[in-house]
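Comments concern the structure below.
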Number of protein chains: 2
Amino acid sequence: MDSAHSKILVNGYPTNHIFAFDRGLSYGHGLFETIRFECGEPLLWEAHLTRMKLGCERLAIPWQLEWNTKLLEEAQRLCGQTNAIVKIVVTSGTGGRGYRLPKYPQPLRIVSAHPLPSYPKSNSDEGIRVCTCRHRLSDQPQLAGIKHLNRLDQVLASAEWQGSTCQEGIMLDQSGHVVEGTRTNLFGVQQGCLITPSINRCGISGVMRDYLLSLAAQKNISVKEGVFGLDEFQQLPELFVCNSVLGIWPIRSWERKNYQVGDVTRSLQGLVQELPGA
Amino acid sequence: MDSAHSKILVNGYPTNHIFAFDRGLSYGHGLFETIRFECGEPLLWEAHLTRMKLGCERLAIPWQLEWNTKLLEEAQRLCGQTNAIVKIVVTSGTGGRGYRLPKYPQPLRIVSAHPLPSYPKSNSDEGIRVCTCRHRLSDQPQLAGIKHLNRLDQVLASAEWQGSTCQEGIMLDQSGHVVEGTRTNLFGVQQGCLITPSINRCGISGVMRDYLLSLAAQKNISVKEGVFGLDEFQQLPELFVCNSVLGIWPIRSWERKNYQVGDVTRSLQGLVQELPGA
């Protein structure tokens with residue numbers, strides 16, 4: 001295997017190129033997952049696969065039977081026994097007349113492995129600073145939840161802030177309700193109850209978000225999913241963001257408000273540490 | 001030049017491949033134009049270029065000085081003296097940390113030439129049937145107007161109808177107002193006044209739409225741009241769709257309503273025929 005290509009497989013082949021007419025590029029007609037691997041083992045693999053399958057269904061991209069085995073096989077081939085982030089992209093492939101899918105689509109899969117990002121330990125220990133992005137999420141119930149390739153909202157919002165002043169930007173919907181971070185989901189805690197914005201009209205149904213909601217159910221922690229204004233959410237005494245790569249980061253400041261790392265946040269962090277593979 | 005690659009240039013090179021980590025694929029961080037060439041001459045070239053420049057500005061993709069000359073040069077190299085459709089895609093290139101642009105982006109350009117699509121002559125002479133798509137456009141003022149690569153709305157809406165029953169699908173916004181076709185803009189005519197939906201919150205500012213609006217100004221045709229409900233728009237006596245590839249197609253039926261091809265539509269069709277290059 002050519003070493004320059006050793007960390008990426010396109011339809012199983014070691015190449016870092018795709019066809020320029022791929023519908024993933026032309027229209028963003030595809031989905032992606034970013035998965036944490038520890039010592040060659042994926043965290044929450046089934047959850048990532050399930051979300052991708054759901055995304056394919058929503059976007060009419062036929063799920064390929066071979067993906068059930070090849071995606072993991074190829075991810076592990078690239079990772080070896082190391083810690084890594086694996087990115088999987090699937091698209092509807094090339095062809096079709098304009099926006100319309102060809103009669104027999106030939107979907108594309110890209111599996112690539114990347115070093116774990118190195119974040120300061122203080123992000124999870126002491127918490128991070130967040131700011132509110134001016135760029136708001138598109139309102140689109142038909143695309144909410146899935147991790148599709150139409151990510152201009154996140155690109156534009158991420159350009160607004162720098163790592164030196166804060167570590168995540170919080171995004172609002174078109175009406176000004178709080179939804180999520182640019183690459184994380186957002187949670188609050190009040191009187192032992194876990195609170196998180198609905199993602200019915202925009203936002204991503206994060207794999208870590210879902211995992212925390214299932215943990216809450218197991219541990220009899222009550223959950224409130226709903227529509228919250230910015231002020232309302234900022235008033236909560238305990239806040240954190242999460243995703244499946246970085247785990248849970250408490251929020252210690254959000255503009256002029258400061259927060260303590262709370263007990264529920266710490267206890268969830270502990271449970272996430274025990275994830276199989278972690 | 002390898003004949004298999006003869007109709008596409010990527011950054012000036014004859015290849016039909018791009019880098020799999022291009023931000024155009026990862027996030028749809030890019031723009032495209034589809035331009036009609038007649039006998040090797042582009043129609044409305046400056047308007048296409050201006051929209052693409054505006055799009056780059058909105059998406060923080062640095063416009064490359066060389067694009068001012070190379071895009072046309074390469075398009076004409078691919079077309080020769082023929083009639084063709086040229087598609088230009090520009091993206092922010094590879095690199096960056098997650099959603100964030102690298103400090104020194106290296107944008108990508110793809111220029112490709114394709115045969116003119118062959119539509120029945122009756123589409124422009126007698127008009128087409130249109131239907132209303134169930135899939136609605138995302139509400140996002142920050143992305144409205146420009147022709148970016150986040151096109152899942154159009155992909156999903158185009159999958160709803162077949163060429164045998166209608167020739168274009170009309171899309172509504174999240175509140176149910178009429179906006180545009182899946183690949184066209186929409187116009188109505190009433191008492192000599194040209195009527196078209198606003199594209200402030202969603203929709204594309206079509207090059208042909210803009211051209212017709214400027215023609216109307218020249219010819220003292222009054223224009224009403226606004227927010228219209230589905231029923232309200234369907235009540236107009238004269239309707240048509242347009243884009244820079246197919247020109248103007250009158251609408252002859254929209255679900256249960258039927259329309260005659262009106263005088264204003266015919267006169268605009270005549271003016272579009274006279275476009276330089278056409």
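Order of the sequence lines fixes the chain letters, A, B, ..., with proteins taken first and strands second; residue numbering starts at 1 for each chain.
In terms of heavy-atom pairs under 4.5 Å with chain A, the best-connected choice from Ser138(B), Pro141(B), Gly28(B), Gly98(B) is Ser138(B). Per-residue heavy-atom pair counts under 4.5 Å with chain A were compared for Arg183(B), Gln174(B), Arg23(B), His29(B), and the maximum is reached by Gln174(B).
Nearest heavy atom pair, residue Ala20(B) against residue Ile110(A), reads CB-CD1, 4.4 Å.
At a 4.5 Å heavy-atom cutoff, the contact between Leu156(A) and chain B is made by side-chain atoms alone. Contacts of Leu108(A) with chain B are absent, with no heavy-atom separation under 4.5 Å from either backbone or side chain. Looking at Ser112(A), the atoms closer than 4.5 Å to chain B (heavy atoms on both sides) all sit in the side chain, from C-beta outward. Only the side chain of His135(B) comes within contact range of chain A, with at least one heavy atom under 4.5 Å from a heavy atom of that chain. Heavy atoms closer than 4.5 Å to chain B are found in both the backbone and the side chain of Gln154(A). For chain B, no part of Thr34(A) is nearby; none of its heavy atoms comes within less than 4.5 Å. At a 4.5 Å heavy-atom cutoff, the contact between Phe19(A) and chain B is made by backbone and side-chain atoms alike. Of the two parts of Arg136(A), only the backbone, made up of N, CA, C and O, holds a non-hydrogen atom closer than 4.5 Å to a non-hydrogen atom of chain B. Using a 4.5 Å cut-off between heavy atoms, Arg58(A) touches chain B through its backbone atoms (N, CA, C, O) alone.
The backbone N or O of Gln162(A) lies less than 3.5 Å from no partner atom in the side chain of Arg100(B), so there is not a single donor-acceptor pair. With hydrogens and angles ignored, the 3.5 Å screen pairs a side-chain donor or acceptor of Asn150(A) with a backbone N or O of Arg151(B).
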Run Ser26(B) and Lys87(A) through side-chain contact (heavy atoms from CB on, under 4.5 Å) and show every step you take. CA-CA 10 Å; Ser26(B) 301; Lys87(A) 184 170 179 180; 3.8 Å; yes
Could you walk me through whether Gln140(B) and Asp153(A) satisfy the side-chain contact (heavy atoms from CB on, under 4.5 Å) test, starting with their C-alpha distance in whole Å, then the side-chain angles of each, then the deciding distance to 0.1 Å, before giving a yes or no? CA-CA 9 Å; Gln140(B) 177 55 280; Asp153(A) 281 341; 2.8 Å; yes
Run the side-chain contact (heavy atoms from CB on, under 4.5 Å) test on Ile18(A) and Leu25(B) for me, step by step, so that the C-alpha distance in whole Å, both residues' side-chain angles and the decisive distance to 0.1 Å come before the verdict. CA-CA 10 Å; Ile18(A) 66 156; Leu25(B) 174 72; 3.8 Å; yes
Report the C-alpha distance between Leu149(B) and Leu152(A) in whole Å, list the side-chain angles of each, state the deciding distance to 0.1 Å, and finish with yes or no for side-chain contact (heavy atoms from CB on, under 4.5 Å). CA-CA 9 Å; Leu149(B) 296 173; Leu152(A) 280 174; over 6 Å; no
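The neighbour count for Gln106(A) CD, taken as heavy atoms of other residues, nucleotides or ligands under 6.0 Å away, does not exceed 12. Crowding of Glu73(B) atom CD: a count of heavy atoms from other residues, nucleotides or ligands under 6.0 Å exceeding 12.
A distance of 11.5 Å separates CG in Leu137(B) from CD in Gln142(A), rounded to the nearest 0.5 Å.
Centroid-to-centroid, the aromatic rings of His148(A) and Tyr27(B) stay 6.0 Å apart or farther. Aromatic pair His114(B)/Phe21(A): ring centres closer than 6.0 Å.
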